[in-house]
Amino acid sequence: MANDAHVPELRYASTVDEAVGELARLGADGAPIAGGTWVMLAPLRRMPTHRSYVALTRVEELGRLVEGDPTSIGGAVTMAGLRGLSGPLAALGYAAAHSAPPAIANVATLAGNLRAAPYPGADLVAPLLALDAALELASPDGRSTLPLGDYLASRDARPAAELIVRAIVPAPAGRRSAYERLTVRESGEEPVASVAVSVDLAADGAVMAARVAFGSVEDVARRSAAAEAALVGGPLTAERAEAAGKAAQGELTGREGLDAPGWYRVAVLPALVRRAVARLDAPLEA
């Protein structure tokens, strides 16, 4: 729909089913809204707005955060609400704490971060990929669960009336995770590149499994199988971290942008992986 001078209509929902039903009735004229940070910036990005929005701030289920294994994070949980996450989910807590100024973090939501399709720099996506998160989705056909990677691959074709109810994030005791981002100037800016690393460690410190996800390098965040393979099979060392970053360089193609050229986004990957691995709670060997 073309952007015009109209004032959008705001409709409030009290439950997930009510919100989905309202979105289904509105069709292309409607969209969900929670924090509103993406919608407010739409004119600056020359993006279309909608005639009606279904407000989700009164849907209690979407605001719940229940820690455990797995941890359940409602779609309307704000970035500020994620800042306290630590242990296995430290990557997500760190990303939430360092990616936006308070005015944004206090209202921007998990689901908004994941739904922002034209925004490669959304900071929560790479940590959730590295933490092997799945999404519970609600649509007029009912509820379903989908791995985050599959959701991202189909994001542009998702049903208009679909809502992200929650992220389901495994948090086993032996898991460690970390996140690093590189910006041109200040921490609140969109990252030139980011990396999230999640590892499962054996009793002797060897990496049994690794998940490494990169954000802002390409148009959509994704994991690097080559980087993950480089970390598995031995202790966390600076050499292994360097090898993982170099392996990722062979898999990723940097996007061009005003903040950085594509080649630069790829060139910084080894340094970012080294910094992320050094941030893990496990000791980093020389």
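Nothing fancy with the numbering, it's 1 onward along the sequence. This is a predicted model, so every value here is computed, not measured.
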**Prompt:** Quick one: are Thr183 and Glu190 in side-chain contact, heavy atoms under 4.5 Å?
**Reply:** no
**Asked** Would you say the side-chain atoms of Arg265 pair up with the backbone N or O of Val192, donor to acceptor, closer than 3.5 Å?
**Response** yes
**Test item: Thr109 side-chain N/O and Ala34 main-chain N/O as donor-acceptor pair under 3.5 Å** = no
**Request:** Name all residues meeting the ring-ring contact (aromatic ring centres under 6.0 Å, His included) criterion together with Tyr94; count only those two or more places apart in sequence or in a different chain, and write none if there are none.
**Result:** His98
**Prompt:** CD of Glu162 to CG of Leu135: how many Å apart, nearest 0.5 Å?
**Reply:** 9.0 Å
**Request:** Answer yes if the side chains of Arg211 and Ser198 hold a donor-acceptor pair under 3.5 Å, and no otherwise.
**Result:** yes
**Message:** Looking only at side-chain N and O atoms, does Tyr179 offer a donor or acceptor that is under 3.5 Å from a partner on Asp123?
**Reply:** yes
**Prompt:** From Leu269 CG over to Arg274 CZ, what is the distance, rounded to the nearest 0.5 angstrom?
**Reply:** 11.0 Å
**Note, Arg158 side chain near Tyr151 side chain (heavy atom, < 4.5 Å)** = yes
**Item:** Check: Leu152 and Arg222 side chains under 4.5 Å, non-hydrogen atoms
**Value:** no
**Close side-chain approach of Leu124 to Leu92, heavy-atom, < 4.5 Å** = yes
**Asked** Is there a donor-acceptor pair under 3.5 Å between the side chain of Glu180 and the backbone N or O of Val195?
**Response** no
**Asked** Does the side chain of Leu82 come within less than 4.5 Å of Val77's, by heavy atoms?
**Response** yes
**Item:** Main-chain N/O of Gly68 paired with Thr71 side-chain donor or acceptor, under 3.5 Å
**Value:** yes
**Asked** Does any non-hydrogen side-chain atom of Ser14 lie less than 4.5 Å from one of Glu60?
**Response** no
**Within one Ile-Leu-Val-Met-Phe-Trp-Tyr cluster: Leu10 and Leu56, side-chain cutoff 4.5 Å** = no
**Asked** For Ala157, does its backbone N or O pair with a side-chain atom of Ser154 as donor and acceptor, under 3.5 Å?
**Response** no
**Message:** Tell me if a side-chain donor or acceptor on Arg166 pairs with a main-chain N or O of Leu62 at a distance below 3.5 Å.
**Reply:** no
**Item:** Smallest separation among heavy atoms of Ser99 and Met79, with atom names
**Value:** OG-CE, 2.9 Å
**Message:** Could you check whether Arg175 pairs with Asp132 (Lys NZ or Arg NE/NH1/NH2 to Asp/Glu carboxylate O, under 4.0 Å)?
**Reply:** no
**Complete:** Taken to the nearest 0.5 Å, the spacing of Ile164 CD1 from Leu114 CG works out to 4.5 Å
**Asked** Would you find a donor on one side and an acceptor on the other, under 3.5 Å apart, between the side chain of Ser216 and the backbone of Ala193?
**Response** no
**Asked** Does any donor atom in the side chain of Glu251 or Ser224 lie under 3.5 Å from an acceptor atom in the other side chain?
**Response** yes
**Message:** Less than 4.0 angstrom from a charged side-chain N to a carboxylate O is my criterion; do Arg255 and Glu218 meet it?
**Reply:** no
**Item:** Spatial distance of atom CD (Glu61) from atom CG (Leu163) [nearest 0.5 Å]
**Value:** 10.0 Å
**Message:** Any heavy-atom pair between the side chains of Ile73 and Ile168 that's under 4.5 Å?
**Reply:** no
**Request:** Output all residues satisfying side chain to side chain contact (heavy atoms under 4.5 Å, CB included) with Arg11, sequence neighbours left out; order by chain, then residue number.
**Result:** Glu9, Glu22, Leu26, Ser52
**Message:** Does any part of the side chain of Val199, heavy atoms only, come nearer than 4.5 Å to the side chain of Leu280, both counted from C-beta?
**Reply:** yes
